[in-house]
A.B. asks: 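If you scroll down you'll find the structure; I have some questions about it.
Just follow the structure's listing: the first ligand is 1, and inside any ligand the first atom is 1. The chain is numbered in sequence order, starting from 1. Keep in mind the model is a prediction, meaning the values are calculated, not measured.
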Amino acid sequence: MITESMIRGIGMTSQRTRERLVKRLVEKGIHDLRVLEVIRNTPRHLFVDEALASRAYEDTALPIGQGQTISQPYIVARMTELLVARGVPARVLEVGTGCGYQTAVLAQLVDEVYSVERIDVLLQQTRRRLRSLKLTNVRFKHSDGTWGWKSKAPFDGIIVTAAPSSVPEALLSQLAVGGRVVIPVGQQGGAQQLAVIDRTEAGFEQELFEPVSFVPLLGGES
Ligand code: SAH
């Protein structure tokens, strides 16, 4: 759990800027109080380069190096809200760790997070960052997340923060019955849409939500 004193201890004194962000998210339609509370408590400025820290509480994506971005807070909140809407999943697979902001949000809501990233430098930084925030219920893996994380499956929830052109089969097969996947789907540069896929006894049910813009889900490791 990230406490107020930890946030103060690491230099984040402006509760007000975070309150403003939360207000903005409410205006944009986020209403899950559990998600809003976690966003209120998560020091996003520690997930970006110091030079960008002053912009950390704007509702916008920012560069994190290696050609990648930290997702816009609205999108993190929206995807998390969709993931927990039918009940908070216990074990969650995240594909696309990046700087770990979404990971940190999840770690404060669910029991266990398994996060996979293909760029090793990002993964190492994020591992340290989450450790210093005392978020200890996260396991990381340097791998191509298209394959999921078979030895830890099945998962009650899967969240993908890079966009494939279609939903990878392996992810669907690693989803527990009753579980849910939240994933952006579509061609890079073309239209992407947020998709929610539920696994029921009978099979898979998909629902589409708003248009989004993510970096592509790439194959291989780097
Ligand atoms: N979740 C982050 C945003 C990550 S950006 C946040 O909270 O802001 C997307 C990330 O997905 C990048 O770090 C990128 O390297 C990673 N990625 C892209 N394709 C991947 C793949 N096949 N497997 C694992 N990670 C992948």
A.B. asks: Is the ring pair Tyr114/Trp149 parallel, tilted or perpendicular, if the boundaries are 30 and 60 degrees?
C.D. replies: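 Tyr114 and Trp149: perpendicular rings.
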A.B. asks: Would you mind writing out a table of all protein N or O atoms found under 3.5 Å from any N or O atom of ligand 1, naming both atoms and giving the distance to 0.1 Å?
C.D. replies:
{"unit_1": "ligand 1", "atom_1": "1 (N)", "unit_2": "Gly96", "atom_2": "O", "d": "3.1"}
{"unit_1": "ligand 1", "atom_1": "1 (N)", "unit_2": "Thr161", "atom_2": "OG1", "d": "3.1"}
{"unit_1": "ligand 1", "atom_1": "7 (O)", "unit_2": "Gln102", "atom_2": "N", "d": "2.9"}
{"unit_1": "ligand 1", "atom_1": "8 (O)", "unit_2": "Ser71", "atom_2": "N", "d": "2.7"}
{"unit_1": "ligand 1", "atom_1": "13 (O)", "unit_2": "Glu117", "atom_2": "OE1", "d": "2.7"}
{"unit_1": "ligand 1", "atom_1": "13 (O)", "unit_2": "Glu117", "atom_2": "OE2", "d": "3.3"}
{"unit_1": "ligand 1", "atom_1": "15 (O)", "unit_2": "Glu117", "atom_2": "OE2", "d": "2.6"}
{"unit_1": "ligand 1", "atom_1": "19 (N)", "unit_2": "Leu218", "atom_2": "N", "d": "3.0"}
{"unit_1": "ligand 1", "atom_1": "22 (N)", "unit_2": "Asp144", "atom_2": "OD1", "d": "2.8"}
{"unit_1": "ligand 1", "atom_1": "22 (N)", "unit_2": "Leu218", "atom_2": "O", "d": "2.4"}
{"unit_1": "ligand 1", "atom_1": "23 (N)", "unit_2": "Gly145", "atom_2": "N", "d": "2.7"}
{"unit_1": "ligand 1", "atom_1": "25 (N)", "unit_2": "Arg118", "atom_2": "N", "d": "3.3"}

A.B. asks: Do Thr60 and Gln72 pair up side chain to side chain, a donor and an acceptor below 3.5 Å, judged on atom types alone?
C.D. replies: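 Side chains of Thr60 and Gln72: no pair found under 3.5 Å.
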A.B. asks: So, does Arg40 use its side chain to make a donor-acceptor pair with the main chain of Val35 at under 3.5 Å?
C.D. replies: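 Checked: no pair found.
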A.B. asks: Main chain of Leu122, side chain of Glu117: is a donor-acceptor contact present, judged purely on distance under 3.5 Å?
C.D. replies: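 No; judged by distance alone, with no hydrogens or angles, the pair does not exist.
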A.B. asks: For Ser213 and Gln192, does a side-chain donor sit closer than 3.5 Å to a side-chain acceptor?
C.D. replies: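 Side chains of Ser213 and Gln192: no pair found under 3.5 Å.
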A.B. asks: Does a salt bridge link Glu81 with Arg78, judged by any charged N lying under 4.0 Å from a carboxylate O?
C.D. replies: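 Result for this pair is yes, salt bridge flagged.
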